Amino acid sequence: LSSGQLVVAEDSSGWANLMVLDSQIDPDVPPIWRRMWPMAGEAALPQWVYGMSTASAAGDQILSTICEQGLWRLNLLTAQGSVKELSQPFDDLAGIDAQPGRAVAIASNAVKGTGLLELDLNSFSWTHTPASKAVLSEAQISVGEAFWFEGYGGELTHSWFYPPSNGLQGIPPLLVKSHSGPTSMARRGLNLGIQFWTSRGWAVVDVNYGGSTGFGRSYRERLKGGWGEVDVFDCAEAAKALVSLGKADGQRLAIEGGSAGGFTTLACLCFTDVFKVGACRYAVSDLIDLTKDTHRFEERYLDHLVGALPDFVKRYEERSPLNHAAMINCPVIFFQGLKDTVVLPKQSARMAAALRENHVPVEVHTFADEGHGFRDSLVQIKVLETTEQFFCQHLNL
């Protein structure tokens with residue numbers, strides 16, 4: 001703040017709220033923190049890369065994004081403890097940067113693509129400049145609906161359900177998306193990759209499985225020691241719940257994910273009998289290998305998600321899809337960047353080879369100039385189109 005006070009996010013209350021340090025920092029004096037803006041919402045998220053920002057000082061005020069029930073909103077917080085929600089239509093917000101009287105953020109919503117949101121903090125007016133031209137009218141867009149279901153341990157679990165948007169009648173095939181991270185979150189901002197599927201007659205469910213960000217500390221800690229079980233159960237249960245409601249065809253269920261989401265995809269194919277086909281992008285298949293080869297930023301991350309080695313080596317082996325490839329009996333397609341230094345290409349190659357040994361239909365597509373996360377838009381399009389062709393072939397669509 002302009003007063004020199006330090007503000008941090010802290011979640012001992014169960015929610016990552018902002019707190020203010022009243023006194024000057026002195027190593028010999030116990031700090032006195034004040035939780036001035038208590039709320040059942042998240043003002044922070046995991047710092048996966050440099051430069052992520054969910055709050056910014058604007059003089060003696062703070063502009064903060066707050067996540068509640070999977071949606072983000074903008075609040076202006078004052079030094080007197082008041083909270084004013086700013087009226088604006090965007091609920092997927094990131095990259096907040098403020099100064100007295102003015103702020104910017106990256107913003108989208110269910111029908112507007114990502115763009116630069118500019119805010120006047122005096123008049124509370126705003127403008128939004130999309131990063132690219134709209135390719136769909138609002139009438140063509142499938143809007144994500146909050147879908148809660150009973151997940152791992154009987155806990156209520158959140159997802160975004162997208163019904164088909166092409167007007168075809170009948171019960172649709174369903175694509176389950178398992179997000180990466182794995183303690184990231186499925187957001188509702190306009191995602192053209194999801195619209196690719198809904199415009200072709202698919203329903204899509206983007207699952208915020210236990211461990212996801214944005215729903216409080218206890219929700220996030222469901223994944224502690226449980227990666228490969230909690231996420232797997234929740235993705236399978238989301239599909240089963242939608243089938244039971246008549247919103248999806250139980251004989252045409254697909255699952256896809258990248259990185260950690262690819263691990264969840266493979267584990268779902270190994271340890272459940274729900275899905276008929278799967279697609280993996282740069283997927284983790286061997287957890288022990290991941291501890292040896294992944295980048296420094298995530299070093300020891302699996303101590304939290306699975307357990308510390310060597311004490312939990314058996315758990316690593318039990319949850320690694322590569323060790324249970326014989327349990328997969330449905331077709332799988334793999335996409336892998338050959339410059340990936342986070343999940344090495346050998347993970348996809350070994351998993352695909354193990355499936356071929358068991359006579360499971362497999363395709364592997366590699367990209368010489370891609371790393372972890374595909375950046376080239378032409379590659380992204382090819383992955384979508386190739387995945388659709390593979391799914392349609394093996395689901396007789």
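All figures in this text were calculated on a predicted structure; none of them were measured in a lab.
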Taking all atoms of both residues into account, what is the closest heavy-atom pair of Ala203 and Pro172, and its distance? CB-CG, 3.9 Å
Is the shortest side-chain heavy-atom distance between His179 and Asn208 below 4.5 Å? yes
Glu42/Arg220 salt bridge by N-O under 4.0 Å criterion: yes
Taking CD in Glu317 as the centre, count heavy atoms belonging to other residues, nucleotides or ligands within less than 6.0 Å. Is the count above 12? yes
Using the ring of each side chain (for Trp, its six-membered ring), is His158 parallel, tilted or perpendicular to Trp160, with breaks at 30° and 60°? perpendicular
Listed pairs under 3.5 Å, donor-acceptor, residues 14-21 side chains, sequence neighbours left out:
from	atom 1	to	atom 2	distance (Å)
Asn17	OD1	Met39	N	3.1
Asn17	ND2	Met39	O	3.1
Asn17	ND2	Gly41	O	3.1

Spatial distance of atom CD1 (Ile106) from atom CG (Leu116) [nearest 0.5 Å]: 5.5 Å
Kindly compute the distance separating OG (Ser64) from CD (Glu85), expressed to the nearest 0.5 Å. 11.5 Å
Is there a path of hydrophobic side-chain contacts, each under 4.5 Å between heavy atoms, that joins Ile255 and Val343? yes
Check: Arg187/Ser108 side-chain N/O donor and acceptor closer than 3.5 Å: no
How many angstroms lie between atom CG of Leu397 and atom CZ of Phe391, to the nearest 0.5 angstrom? 10.5 Å
Shortest non-hydrogen contact from Ala248 to Leu253? CB-CD2, 4.3 Å
If you round to the nearest 0.5 Å, how far is CG of Leu287 from CD of Gln347? 8.0 Å
Are any of the side-chain heavy atoms of Cys330 and Leu269 separated by less than 4.5 Å? yes
Which heavy atom in Val274 sits nearest to a heavy atom in Lys240, and how many Å separate them? CG2-CD, 3.8 Å
Which pair of non-hydrogen atoms, one from Thr183 and one from Pro46, has the smallest distance, and what is that distance? O-CG, 3.5 Å
Find out whether Cys280 and Leu266 are in side-chain contact, i.e. whether some heavy atom of one side chain is under 4.5 Å from a heavy atom of the other. yes
Can you measure from CZ (Arg188) to CG (Leu71) and round to the nearest 0.5 angstrom? 5.0 Å
Taking side chain as C-beta onward, heavy atoms only, is Val232 less than 4.5 Å from Cys268? yes
Within a radius of less than 6.0 Å around CD of Gln169, do more than 12 heavy atoms belonging to other residues, nucleotides or ligands occur? no
Looking at Arg35 and Pro38, what are the two nearest heavy atoms and their distance? O-CD, 3.6 Å
Evaluate side chain to side chain contact (heavy atoms under 4.5 Å, CB included) for Phe367 paired with Asp376, printing each intermediate quantity in order. CA-CA 10 Å; Phe367 304 96; Asp376 189 324; over 6 Å; no
Go through the structure and list residues passing ring pair (Phe, Tyr, Trp, His ring centres under 6.0 Å) with Phe335, not counting sequence neighbours. His365
Between the side chain of Ser259 and the main-chain N/O of Gly261, is any donor-acceptor distance below 3.5 Å? no
Distance under 6.0 Å and angle within 45° of the ring axis: does Lys247 meet both against Phe147? no
Backbone N or O of Ser82 within a donor-acceptor pair of the Gln80 side chain at under 3.5 Å? no
Can you check whether Lys382 reaches Leu378 side chain to side chain, under 4.5 Å on heavy atoms? no
Restricting to non-hydrogen atoms, name the atom on Phe271 and the atom on His324 that form the minimum distance, rounded to 0.1 Å. CZ-CD2, 3.6 Å
Chi angles and distances behind the side chain to side chain contact (heavy atoms under 4.5 Å, CB included) call for Asn166, Ser199: CA-CA 5 Å; Asn166 67 344; Ser199 68; 5.6 Å; no
Would you please test Phe374 and Tyr282 for ring pair (Phe, Tyr, Trp, His ring centres under 6.0 Å) and show each step? CA-CA 9 Å; Phe374 300 147; Tyr282 33 88; 5.0 Å; yes
Close side-chain approach of Phe233 to Thr157, heavy-atom, < 4.5 Å: no
Taking CG in Asp273 as the centre, count heavy atoms belonging to other residues, nucleotides or ligands within less than 6.0 Å. Is the count above 12? no
Apply side chain to side chain contact (heavy atoms under 4.5 Å, CB included) to the pair Phe334 and Val362, showing each step before the final yes or no. CA-CA 8 Å; Phe334 294 87; Val362 172; 4.0 Å; yes
Could Glu256 and Lys177 be called an ion pair, given the rule that one side-chain N must be under 4.0 Å from one carboxylate O? yes
Leu174 vs Val176 side-chain heavy atoms within contact, under 4.5 Å: yes
So, for Tyr162 and Trp197, is the gap between ring centers shorter than 6.0 Å? no
Working to the nearest 0.5 angstrom, can you tell me the gap between Trp126 CH2 and Leu74 CG? 11.5 Å
Any non-hydrogen side-chain atom of Phe390 less than 4.5 Å from a side-chain atom of Pro331? yes
Those residues that, when tested against Tyr219, pass ring pair (Phe, Tyr, Trp, His ring centres under 6.0 Å) (two or more places apart): Phe215
